[in-house]
Amino acid sequence: MTARVCADADEAVAGVEDGATVLIGGFGMAGMPVELIDALIRRGAGDLTVVSNNAGNGDTGLAALLAKGRVRKVICSFPRQADSWVFDGLYRAGRIELEVVPQGTLAERMRAAGAGIGAFYCPTGAGTLLAEGKETRVIDGRTHVLEYPIKGDVALIGAHRADRMGNLVYRKTARNFGPVMATAATTVIAQVREIVATGAIDPETVVTPSIFVDRVVQEAGRA
């Protein structure tokens, strides 16, 4: 399978509709596909459910999407931090829903979606508010919580390099959730710093194979 190389970010996010579940990569701002998010804002899709590690930083990227009122619900691990004032304001005003998921569980729920796993038991969160209303089971003497996969209609991820088939290589911390998100969404769109010829990337270094990637766009000004 070969990914489509898009001329710009607006072309890359074409087709994202109201009500979509959007997986957005990033550990804070590291690896966050800001240009794709900006294009999604321009597209105008609303009533979105966003799955990400954070609930936005400062006023750019995911925070800008939230500020436009396009997001109905956030599923994340760390909704609050020193620069999460956009999310804080919306949540306190009752204008956005929140589902908190422990970080490792968040990654595993998306990995489960990509692997075709129907559900799994995890000890994290057992005995806390995060387990309220969920099925539990004692396994090997320890309480586990039943968790279900998180599937996305779209994944927006950031990578360092792609070839023209769509094989992806990440750089350091920017790798974060990108690989699991790429397996968990129907349409996967990657923003990359550079696009190289097919065969220019050592196959042994490919993290996300092109079979998982639908569209690739190079960051503006890097051609």
Side-chain angles (χ1 to χ4, degrees), residues 1 3-4 12-13 15-27 30-33 36-37 40 45 47-56 62 65 70-79 96-126 130-137 139 144-159 162 166-170 173-191 206-216:
M1 179 178 177
R4 174 157 60 92
V13 302
V16 180
E17 302 294 344
D18 291 352
T21 296
V22 184
L23 316 180
I24 299 181
F27 190 85
M32 182 170 288
L36 290 177
I37 297 171
L40 185 60
D47 195 34
L48 303 173
T49 296
V50 167
V51 183
S52 190
N53 185 59
N54 303 81
L62 178 52
L65 183 65
R70 306 286 175 74
V71 179
R72 176 183 65 83
K73 179 179 180 179
V74 171
I75 301 174
C76 72
S77 298
F78 294 93
I96 196 166
E97 296 178 39
L98 170 66
E99 179 181 344
V100 176
V101 182
Q103 191 174 72
T105 306
L106 182 68
E108 186 66 5
R109 288 179 66 184
M110 289 185 285
R111 192 196 71 81
I117 297 171
F120 62 92
Y121 284 97
C122 177
T124 307
L130 298 181
E132 281 194 353
K134 296 182 178 181
E135 180 182 332
T136 61
R137 178 178 293 185
I139 301 173
H144 288 62
V145 181
L146 184 65
E147 301 284 359
Y148 289 91
I150 295 175
K151 302 177 182 179
D153 298 300
V154 181
L156 306 181
I157 61 177
N167 295 299
L168 302 181
V169 176
Y170 303 85
T173 308
R175 177 169 171 168
N176 52 73
F177 292 88
V180 291
M181 287 182 170
T183 69
T186 302
T187 300
V188 176
I189 307 167
Q191 169 188 317
V206 171
V207 177
T208 298
S210 63
I211 193 172
F212 294 110
V213 182
D214 298 284
R215 306 173 195 171
V216 172

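Every value quoted in this text rests on a predicted model; they were computed, and no experiment measured them.
- The closest side-chain heavy-atom distance from V74 to E97 is not below 4.5 Å.
- Of the residues listed (L106, I75, L130), the one engaging V100 in a side-chain contact (heavy atoms from CB on, under 4.5 Å) is L130, and it is the only one.
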Stepwise side-chain contact (heavy atoms from CB on, under 4.5 Å) check, I150 with L23: CA-CA 9 Å; I150 295 175; L23 316 180; 4.2 Å; yes

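- Here K151 pairs with A113 under the side-chain contact (heavy atoms from CB on, under 4.5 Å) rule; sequence neighbours left out.
- Between R215 and T187, the side chains place no donor N or O within less than 3.5 Å of an acceptor N or O (distance only, hydrogens not considered).
- Checking side-chain atoms of N176 against main-chain N and O of G26 turns up a donor-acceptor pair under 3.5 Å.
- Side chains of F120 and E108 form a contact here, defined as non-hydrogen atoms less than 4.5 Å apart.
- Contact check on E99 versus K134 returns no salt bridge, with no Lys/Arg side-chain nitrogen under 4.0 Å from an Asp/Glu carboxylate oxygen.
- Between T183 and R111, every side-chain heavy-atom pair lies at or beyond the 4.5 Å cut-off.
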CA sep, side-chain torsions, deciding dist, call: V50, L65, side-chain contact (heavy atoms from CB on, under 4.5 Å): CA-CA 10 Å; V50 167; L65 183 65; 4.2 Å; yes

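- Listed here is the closest heavy atom pair of N54 and L62: O-CD2, 3.5 Å.
- V13 pairs in a side-chain contact (heavy atoms from CB on, under 4.5 Å) with only one of the listed residues (V154, I37, L36), which is L36.
- In this structure, the side chain of N167 does not engage the main chain of P209 through any donor-acceptor pair within 3.5 Å.
- The side-chain contact (heavy atoms from CB on, under 4.5 Å) test applied to T208 returns L168, Y170, P179, A182, F212, V213, not counting sequence neighbours.
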